[in-house]
Structures are given as C-alpha cells and as structure tokens.
Student: 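Please read through the structure below; I'll follow up with questions.
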Amino acid sequence: VQLQASGGGLVQAGDSLRLSCAASGRTFTAYNMGWFRQAPGKEREFVARISWRGGSPYYADSVKDRFTISKDNAKNTMYLQMNSLKPEDTAVYYCASTTNFGATMPRQYNYWGQGTQVTVSS
C-alpha cells in the first residue's frame with residue numbers, strides 16, 4: 001500500500017481542516033489505518049485510528065471530541081476532520097496503515113505517507 005497525505009495548511013485557532021490520505025493498491029480494505037503527528041523537536045504521536053471496515057474509531061485524549069477519523073473504502077481514502085484547531089495541534093500529520101488491530105504506536109504501523117504540514121496560529 002502506498003499512501004499520500006494532503007489537506008494541510010495554515011489556519012487560525014478555532015478553524016477547521018480536513019486531511020485526506022489516498023491509498024493505492026487493491027488491499028486498502030485489508031488495512032487498519034491511523035493518523036499520527038510530529039511537532040518540531042517532539043516524537044511522533046498517535047492521533048486517531050480506524051479499523052479496516054471503517055469502524056471502531058479511537059482517538060488520543062488531546063483530540064477527542066474535536067477530530068473525526070473516517071475511511072471510504074470505495075474511494076481508497078481516509079480522512080481526518082479537524083475542528084476547533086489549537087496552536088498545539090501544529091505538526092506534520094502522517095497517515096499510516098497496519099495489519100495490527102488496535103495499534104497506537106508508530107512501530108506497529110507498516111506503511112506511511114509522506115506527511116502534510118498543519119500550522120495553527122493563535
């Protein structure tokens with residue numbers, strides 16, 4: 001599976017963005033998917049994950065009730081709707097896929113997209 005993240009940009013606090021992760025390959029439906037982010041000088045951290053069926057969404061506490069992950073298997077695309085953005089959400093956002101269910105650690109993911117920059121100004 002090859003992944004390409006897009007949709008990042010520069011927004012103000014309180015604004016919304018929707019990230020997309022387009023996947024190539026016929027086996028997209030077989031993978032659980034996740035979003036991670038990495039701010040300068042910090043480790044890559046888990047944001048959200050979703051099952052291969054597009055169910056069982058799970059979020060980091062820092063984004064719960066603000067972000068929504070979804071997956072459209074017909075379009076081979078995963079999304080991350082980000083609302084009420086905060087300056088601390090500023091990071092490069094990565095999408096990733098895994099055959100592991102319930103994975104929240106970067107090392108548990110097999111394939112990664114190239115990342116898209118999200119910058120939230122105060």
Side-chain angles (χ1 to χ4, degrees):
V1 175
Q2 292 184 329
L3 306 173
Q4 184 167 358
S6 62
L10 172 62
V11 297
Q12 293 186 332
D15 285 351
S16 298
L17 274 177
R18 188 176 79 158
L19 305 183
S20 298
C21 177
S24 62
R26 297 179 298 164
T27 56
F28 178 73
T29 56
Y31 286 90
N32 302 303
M33 304 288 294
W35 286 99
F36 289 78
R37 66 186 182 186
Q38 189 167 17
K42 295 187 177 181
E43 294 186 351
R44 192 167 298 189
E45 67 173 0
F46 169 77
V47 175
R49 67 163 193 250
I50 195 166
S51 76
W52 67 274
R53 288 179 179 268
S56 303
Y58 180 77
Y59 303 92
D61 288 342
S62 58
V63 306
K64 197 178 298 181
D65 299 326
R66 298 189 298 122
F67 291 10
T68 302
I69 189 172
S70 60
K71 187 173 185 271
D72 188 337
N73 285 338
K75 296 182 178 180
N76 280 6
T77 303
M78 176 180 66
Y79 304 97
L80 185 68
Q81 177 66 43
M82 305 186 295
N83 298 328
S84 303
L85 282 161
K86 304 176 180 179
E88 51 263 44
D89 294 319
T90 296
V92 177
Y93 283 71
Y94 298 90
C95 58
S97 64
T98 178
T99 54
N100 298 305
F101 183 77
T104 60
M105 303 294 292
R107 58 178 170 81
Q108 296 176 297
Y109 283 75
N110 311 105
Y111 301 98
W112 291 83
Q114 84 289 2
T116 184
Q117 176 71 48
V118 172
T119 303
V120 184
S121 63
S122 57

Student: Working to the nearest 0.5 Å, report the span between OG1 of Thr90 and CG of Leu85.
Tutor: 8.5 Å
Student: Taking all non-hydrogen atoms of both residues into account, name the closest pair between Ile69 and Pro57 and its distance.
Tutor: CG2-CB, 3.7 Å
Student: Find the distance between OG1 (Thr77) and CE (Met33) and round it off to the nearest 0.5 Å.
Tutor: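 Here the interatomic distance stands at 9.0 Å.
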Student: Side chains of Tyr109 and Asn32, heavy atoms from C-beta outward: is any pair under 4.5 Å?
Tutor: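 No, side chains not in contact.
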Student: To the nearest 0.5 Å, what is the distance between OG (Ser51) and NZ (Lys71)?
Tutor: 7.0 Å
Student: Please answer whether the main-chain N or O of Asn110 pairs with a side-chain N or O of Asn100 as donor and acceptor at a distance below 3.5 Å.
Tutor: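 It does not hold such a pair.
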Student: Which heavy atom in Ser16 sits nearest to a heavy atom in Gln81, and how many Å separate them?
Tutor: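 Of all heavy-atom pairs spanning Ser16 and Gln81, the closest is CB-NE2, 3.9 Å.
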Student: Side chains of Arg37 and Asp89: closer than 4.5 Å at any heavy-atom pair?
Tutor: yes
Student: In Å and rounded to the nearest 0.5 Å, what is the OG1 to CD distance from Thr99 to Gln108?
Tutor: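 So the OG1 of Thr99 and the CD of Gln108 are separated by 10.0 Å.
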Student: Is the closest side-chain heavy-atom distance between Met82 and Val120 below 4.5 Å?
Tutor: no
Student: Grab the two heavy atoms, one from Leu3 and one from Ser97, that are nearest each other, plus how far apart they are.
Tutor: CD1-N, 3.8 Å
Student: Determine the minimum heavy-atom distance between Gln114 and Gln4, stating which atoms define it.
Tutor: OE1-CA, 3.4 Å
Student: If we only count heavy atoms from C-beta on, is the Trp35 to Phe67 side-chain gap below 4.5 Å?
Tutor: no
Student: State whether the side chain of Ser121 and the backbone N or O of Val11 hold a donor-acceptor pair below 3.5 Å, judged by distance alone.
Tutor: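 Between the backbone of Val11 and the side chain of Ser121 there is a qualifying donor-acceptor contact (under 3.5 Å).
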Student: Between atom CD of Gln117 and atom CD of Gln38, what is the distance when rounded to the nearest 0.5 Å?
Tutor: 11.0 Å
Student: Indicate yes or no: at least one non-hydrogen side-chain atom of Arg49 is less than 4.5 angstrom from one of Thr98.
Tutor: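 A side-chain contact under 4.5 Å is absent here.
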Student: Do Leu80 and Val63 come close enough that some side-chain heavy atom pair is under 4.5 Å?
Tutor: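 A side-chain contact is absent here, since even the closest heavy-atom pair is not under 4.5 Å.
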Student: Considering the options Tyr94, Tyr93, Trp112, which one meets the ring pair (Phe, Tyr, Trp, His ring centres under 6.0 Å) requirement together with Phe36?
Tutor: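 Checked Tyr94, Tyr93, Trp112 against Phe36; only one passes ring pair (Phe, Tyr, Trp, His ring centres under 6.0 Å): Trp112.
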Student: If you compare all heavy atoms of Met78 against all heavy atoms of Cys95, which two are closest, and at what distance to 0.1 Å?
Tutor: CE-CB, 3.5 Å
Student: Following the transitive rule for hydrophobic clusters with a side-chain heavy-atom cut-off under 4.5 Å over Ile, Leu, Val, Met, Phe, Trp and Tyr, establish whether Phe46 and Tyr31 coincide in one cluster.
Tutor: no
Student: Report yes or no: do Val1 and Leu19 belong to one cluster of Ile/Leu/Val/Met/Phe/Trp/Tyr joined by side chain heavy-atom distances under 4.5 Å?
Tutor: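 Yes, it is one cluster - the side chains of Val1 and Leu19 are joined through contacts under 4.5 Å.
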Student: Nearest heavy-atom pair of Gly55 and Ile50: which atoms, and what distance?
Tutor: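 For Gly55 versus Ile50, the nearest heavy atoms are O-CG1, 3.3 Å.
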Student: So do the side chains of Val47 and Tyr59 get within less than 4.5 Å of each other, counting heavy atoms only?
Tutor: no
